[in-house]
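The residues of the chain are indexed from 1 along the displayed sequence. It should be emphasised that the depicted structure is a prediction, and the values quoted were computed from it without experimental measurement. Start at 1 and go down the list; that is how both ligands and their atoms are numbered.
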Amino acid sequence: MKETTKQNIILIGFMGCGKTSIGERLAGCLSYQFKDTDQLIVKKTGDTISKIFEKQGEEYFRNLETDLLIELQPSLTHTVLSTGGGLPLRKQNMKLMQQLGQVIYLRTSKETIADRLKGDTTRPLLQGDDYMEKIERMLLARSTYYERAAHHIIDTDDRTVDELVTIIGTMINDQCRKEE
Ligand code: S3P
């Protein structure tokens, strides 16, 4: 078991795996705060994610993600933190997330992701041609990073948001009880 001391839940996974909708509901259920790295970056920069990618490029955005995780270190507690799909790929971010709390990978199949994100215009990395190939290629390349970063892996296919919130909530509470 990877060790962590802080009372936070960090949700990771590919775009469209449900991090934000599950995270919001889970936070409510646990009486935790909810935060989302993309939303915090948008608030901080005043630009949409698409604009940041367009104007300053992906590397700049990745640096914003790392800076944000560093900023959150001293103060984040009793929070469900939803993260951008590419954030766990940096080794430094992986370590920072694990120091923040329990990292949960919401594992989702390429078919479900493709279905959920069809017609979406807000994810710069999935725009243009070859939509399905992009998802397949990126998911294949990223899966091992997600698995390596996670304390727990939950499969989301064929499960509703409510079911997933119950599964995670039970898992976290059981774990809290064991630690008491
Ligand atoms: C990205 C995922 C997005 C956002 C950006 C890049 C990625 O967040 O951070 O478009 O590289 O997978 P979501 O996972 O919340 O869609």
Checklist entry - Under 4.0 Å from any heavy atom of G84, which atoms of ligand 1 are there? => result 8 (O), 9 (O), 14 (O)
Item to check | Side chain Y146, main chain I153, donor-acceptor under 3.5 Å | outcome: no
Checklist entry - Shared ILVMFWY cluster between I41 and L89, side chains joined below 4.5 angstrom? => result no
Checklist entry - When the ring planes of Y32 and H78 are compared, do they come out parallel, tilted or perpendicular, using 30° and 60° as the limits? => result perpendicular
Checklist entry - Are F14 and L125 connected in a single hydrophobic cluster, I mean Ile/Leu/Val/Met/Phe/Trp/Tyr linked by side-chain heavy atoms less than 4.5 Å apart? => result yes
Checklist outcome for this item: A student comparing I49, L126, T122 should find that the heavy atom closest to atom 5 (C) of ligand 1 comes from I49
Checklist entry - So is there a nitrogen or oxygen of G16 less than 3.5 Å from a nitrogen or oxygen in ligand 1? => result no
Item to check | ligand 1 atoms in contact with D38 (distance to a heavy atom under 4.0 Å) | outcome: 3 (C), 4 (C), 8 (O), 9 (O), 13 (P), 15 (O)
Checklist outcome for this item: Within 4.0 Å of some non-hydrogen atom of F61, the atoms of ligand 1 are 9 (O)
Next on the checklist: If you apply the rule side-chain contact (heavy atoms from CB on, under 4.5 Å), what do you find for K44 with E71, and how did you get there?
Outcome noted: CA-CA 12 Å; K44 203 168 163 184; E71 265 171 50; 2.5 Å; yes
Checklist entry - Can the positive tip of R148 be found less than 6.0 Å from the middle of the six-membered ring of Y145, inside 45° of the ring normal? => result yes
Item to check | Check ion pair R107-E147 (N to O, under 4.0 angstrom) | outcome: yes
Checklist entry - How close does the nearest protein non-hydrogen atom get to atom 12 (O) of ligand 1, and which residue and atom is it? => result R142 NH1, 2.6 Å
Checklist outcome for this item: For P124, the ligand 1 atoms with a heavy-atom partner under 4.0 Å come out as 10 (O)
Next on the checklist: Out of R123, Q127, K19, R62, who is nearest to atom 6 (C) of ligand 1 when you count heavy atoms only?
Outcome noted: R62
Checklist entry - Which residue holds the protein heavy atom closest to atom 7 (C) of ligand 1, what is that atom called, and what is the gap in Å? => result G86 N, 3.3 Å
Item to check | Per-atom contacts, ligand 1 versus L125 - under 4.0 Å to a heavy atom | outcome: 7 (C), 11 (O)
